[in-house]
Peer 1: 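One structure is given below, represented as structure tokens, and several questions about it will come after.
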Protein chains: 2
Amino acid sequence: MTISTATDTKTELLEAAERLFAEHGIARSSLRAITREAGANVASVNYHFGSKEGLVRAVFARRLEPLNRERLALLDRCLESAKGKPELECVLRALVGPALLMMCDHEPGHRCFAELMGRAITAPETRVRSILLDEFREVKERFTEVLATILPHLSQEELFWRFHFMIGAMAHTVAGSFFVAKQSDGEVDTSDVEGMTLKLVNFLAAAMSAPSTNGPRKTRKRKK
Amino acid sequence: MTISTATDTKTELLEAAERLFAEHGIARSSLRAITREAGANVASVNYHFGSKEGLVRAVFARRLEPLNRERLALLDRCLESAKGKPELECVLRALVGPALLMMCDHEPGHRCFAELMGRAITAPETRVRSILLDEFREVKERFTEVLATILPHLSQEELFWRFHFMIGAMAHTVAGSFFVAKQSDGEVDTSDVEGMTLKLVNFLAAAMSAPSTNGPRKTRKRKK
DNA sequence: GTCTATAGGTGGATAGAC
DNA sequence: GTCTATCCACCTATAGAC
């Protein structure tokens with residue numbers, strides 16, 4: 001019923017898989033269900049992707065690479081427009097914007113994948129998580145680097161933690177689109193991407209530029 | 001080899017289950033593996049819990065109830081010590097402190113459960129998620145209520161979103177203890193609960209008290 | 001490339017002895 | 001309450017026809 005742009009079986013399988021993975025989880029989505037959803041036969045997954053794991057990898061690879069390229073491109077634009085020291089908000093928007101856009105996209109496949117990605121970061125399946133981490137490594141390094149120059153008052157450890165908290169806020173938001181809508185008994189306006197992005201960036205900018213935690217000087221371990 | 005305090009089979013099953021659930025996920029943890037780990041026979045789960053789902057519910061119920069009671073008790077203490085308007089940091093610490101303590105507990109069972117809980121919030125299994133949400137409902141309501149009095153400049157919608165972001169940061173932290181340790185090529189000191197809690201509370205306090213997002217007045221949908 | 005049929009394995013649940 | 005043996009539904013993967 002949906003106007004699918006999928007032309008070949010391979011793409012159809014990828015789209016069916018990301019839909020079912022998002023809805024029921026990877027482990028609970030059988031190849032039978034996926035191929036049925038894609039209108040293909042059970043053997044097609046093994047033909048096109050070698051195995052179920054091959055399919056999983058392909059589902060993630062297809063969307064992650066462009067997403068992270070977009071993030072890096074936006075980061076570069078921040079750096080260009082403001083020589084040397086870019087605006088914190090600009091950098092944060094480059095990090096979370098593309099994911100939120102994907103979560104609110106009109107194409108259902110994008111929305112499904114966003115949800116899938118949001119929760120896969122902490123997924124128990126080591127292999128799945130490592131796919132994400134590999135794809136994310138460059139983004140993490142480059143953004144950390146730039147954030148360190150904008151927030152020079154933060155120690156490396158402090159920055160590491162704040163980055164971690166930030167990823168959590170983003171991932172939970174992206175993962176929870178449907179849950180969110182159900183929780184607030186009013187409805188959540190997922191069409192207002194800009195408003196949502198603004199709220200998240202605003203939240204994170206304040207958090208990231210909080211004064212360093214040096215209050216009750218931590219009991220310093222005497223490292224020789 | 002671990003000094004288990006479990007005396008009866010039922011408890012032993014619960015502990016084995018939370019260990020395996022945390023490590024491999026619920027769907028990928030078979031009753032066979034769980035009963036083997038617990039040193040019991042395959043039929044024991046069905047005898048004690050009726051089904052695998054019964055076991056899952058029991059695993060969550062056992063730890064969530066005390067955890068959330070602790071949160072509410074700490075919140076009450078914030079309210080008592082400061083008549084009317086408690087400190088933001090105090091309230092945030094009441095929310096995230098107990099979870100972080102659990103994540104860093106010396107008892108492995110607590111740590112496993114923390115990890116499990118952190119990721120179950122966004123789990124695709126509807127039933128699992130609804131267990132968590134049911135247990136969390138009162139906490140969410142009471143904390144939201146108190147936060148609204150501390151941060152009166154926030155609209156209901158804005159507060160809702162910030163609460164959501166906050167839960168994300170907490171959940172990701174609690175879920176990712178092992179992942180975190182591996183990501184930073186240096187080691188992460190999970191023994192320093194207080195330092196971690198301080199960093200998270202500090203981060204969240206700044207984020208929550210950020211000025212409201214009213215910059216580019218959102219395109220107001222004309223609702224008749 | 002696409003399909004059917006099936007092999008070979010593992011899952012949750014249960015029956016019935018002890 | 002605990003255990004073994006077993007049922008049967010379902011899974012992934014493959015063989016081989018078309």
Side-chain angles (χ1 to χ4, degrees), chain A residues 4-62 116 120 123-131, chain B residues 4-62 116 120 123-131:
Chain A
S4 177
T5 56
T7 144
D8 54 352
T9 304
K10 201 167 172 177
T11 311
E12 214 110 37
L13 285 170
L14 287 170
E15 296 189 347
E18 81 186 345
R19 205 155 43 231
L20 292 179
F21 287 170
E23 193 174 355
H24 303 117
I26 296 172
R28 301 176 82 96
S29 302
S30 67
L31 293 186
R32 289 178 145 78
I34 293 166
T35 50
R36 198 186 317 125
E37 179 96 356
N41 66 86
V42 269
S44 55
V45 165
N46 281 289
Y47 177 77
H48 286 288
F49 303 100
S51 66
K52 185 178 179 179
E53 193 189 326
L55 173 63
V56 173
R57 297 190 79 89
V59 164
F60 280 97
R62 182 170 73 128
L116 178 58
E125 292 110 343
T126 317
R127 291 177 187 180
V128 173
R129 212 168 45 191
S130 72
I131 296 170
Chain B
S4 177
T5 55
T7 141
D8 54 352
T9 304
K10 202 168 171 174
T11 310
E12 213 109 39
L13 285 170
L14 287 170
E15 297 189 347
E18 80 185 346
R19 204 155 43 229
L20 292 179
F21 288 169
E23 192 175 356
H24 304 116
I26 296 172
R28 301 175 82 95
S29 302
S30 68
L31 293 186
R32 290 180 149 81
I34 294 166
T35 49
R36 196 185 320 126
E37 179 96 358
N41 65 87
V42 268
S44 56
V45 165
N46 281 290
Y47 177 79
H48 285 290
F49 302 100
S51 65
K52 184 178 178 178
E53 193 188 326
L55 173 63
V56 173
R57 299 191 75 90
V59 164
F60 280 96
R62 182 170 74 128
L116 177 59
E125 293 109 342
T126 318
R127 290 177 187 177
V128 172
R129 212 169 44 193
S130 73
I131 296 170

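First the proteins, then the strands, lettered A, B, ... as listed; each starts at 1.
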Peer 1: On the nucleotide D:dC3, are OP1 or OP2 found under 4.0 Å from the side-chain N or O atoms that B:Ser44 carries?
Peer 2: no
Peer 1: Nearest whole Å is fine: how far is C:dT10 C1' from B:Arg36 CZ?
Peer 2: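 Going from B:Arg36 (CZ) to C:dT10 (C1'), I get 12 Å.
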Peer 1: Starting at the 5' end of nucleotides 12-18 of chain C, put B wherever the base has a protein heavy atom under 4.0 Å, S where only the sugar-phosphate does, and a dash everywhere else.
Peer 2: BBBB---
Peer 1: Quick one, A:Thr11 and A:Glu15 - any side-chain contact, counting heavy atoms below 4.5 Å?
Peer 2: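 Yes, close enough: below the 4.5 Å cut-off.
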Peer 1: Please tabulate, for side-chain N and O atoms in residues 50-59 of chain A, each donor-acceptor pair with protein atoms closer than 3.5 Å (sequence neighbours left out).
Peer 2:
residue : atom : partner  : partner atom : Å
A:Ser51 : OG   : A:Glu53  : N            : 3.4
A:Ser51 : OG   : A:Gly54  : N            : 3.2
A:Lys52 : NZ   : A:Ile26  : O            : 3.1
A:Lys52 : NZ   : A:Ser29  : O            : 2.9
A:Glu53 : OE1  : A:Arg127 : NH1          : 2.6

Peer 1: Going by the salt bridge (Lys or Arg N to Asp or Glu O under 4.0 Å) test, which pairs reach into residues 32-47 of chain B, not counting sequence neighbours?
Peer 2: B:Arg19-B:Glu37
Peer 1: Rounded to whole Å, how long is the line connecting atom CG of A:Asn41 with atom P of D:dA13?
Peer 2: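 A:Asn41 atom CG is separated from D:dA13 atom P by 14 Å.
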Peer 1: Find the distance A:Arg28:CZ to D:dC10:P and express it as a whole number of Å.
Peer 2: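 So the CZ-P distance, A:Arg28 to D:dC10, works out to 14 Å.
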Peer 1: How many angstroms lie between CG in A:Leu14 and CD in A:Glu12, if you round to the nearest 0.5 Å?
Peer 2: 10.0 Å
Peer 1: Rounded to whole angstroms, how far apart are CG on A:Leu13 and C1' on C:dC3?
Peer 2: 13 Å
Peer 1: With sequence neighbours left out, what residues match A:Phe49 under ring pair (Phe, Tyr, Trp, His ring centres under 6.0 Å)?
Peer 2: none
Peer 1: I need the CG-P distance between A:Asp8 and C:dT2, as an integer number of Å.
Peer 2: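 Result: 8 Å.
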Peer 1: Provide, to the nearest angstrom, the distance between the CD1 atom belonging to B:Ile34 and the P atom belonging to C:dT10.
Peer 2: 17 Å
Peer 1: Please tabulate, one pair per line, all N/O donor-acceptor pairs under 3.5 Å involving side-chain atoms of residues 38-48 of chain B, not counting sequence neighbours.
Peer 2:
residue : atom : partner : partner atom : Å
B:Asn41 : OD1  : B:Ala43 : N            : 2.9
B:Asn41 : OD1  : B:Ser44 : N            : 3.3
B:Ser44 : OG   : B:Asn41 : O            : 2.6

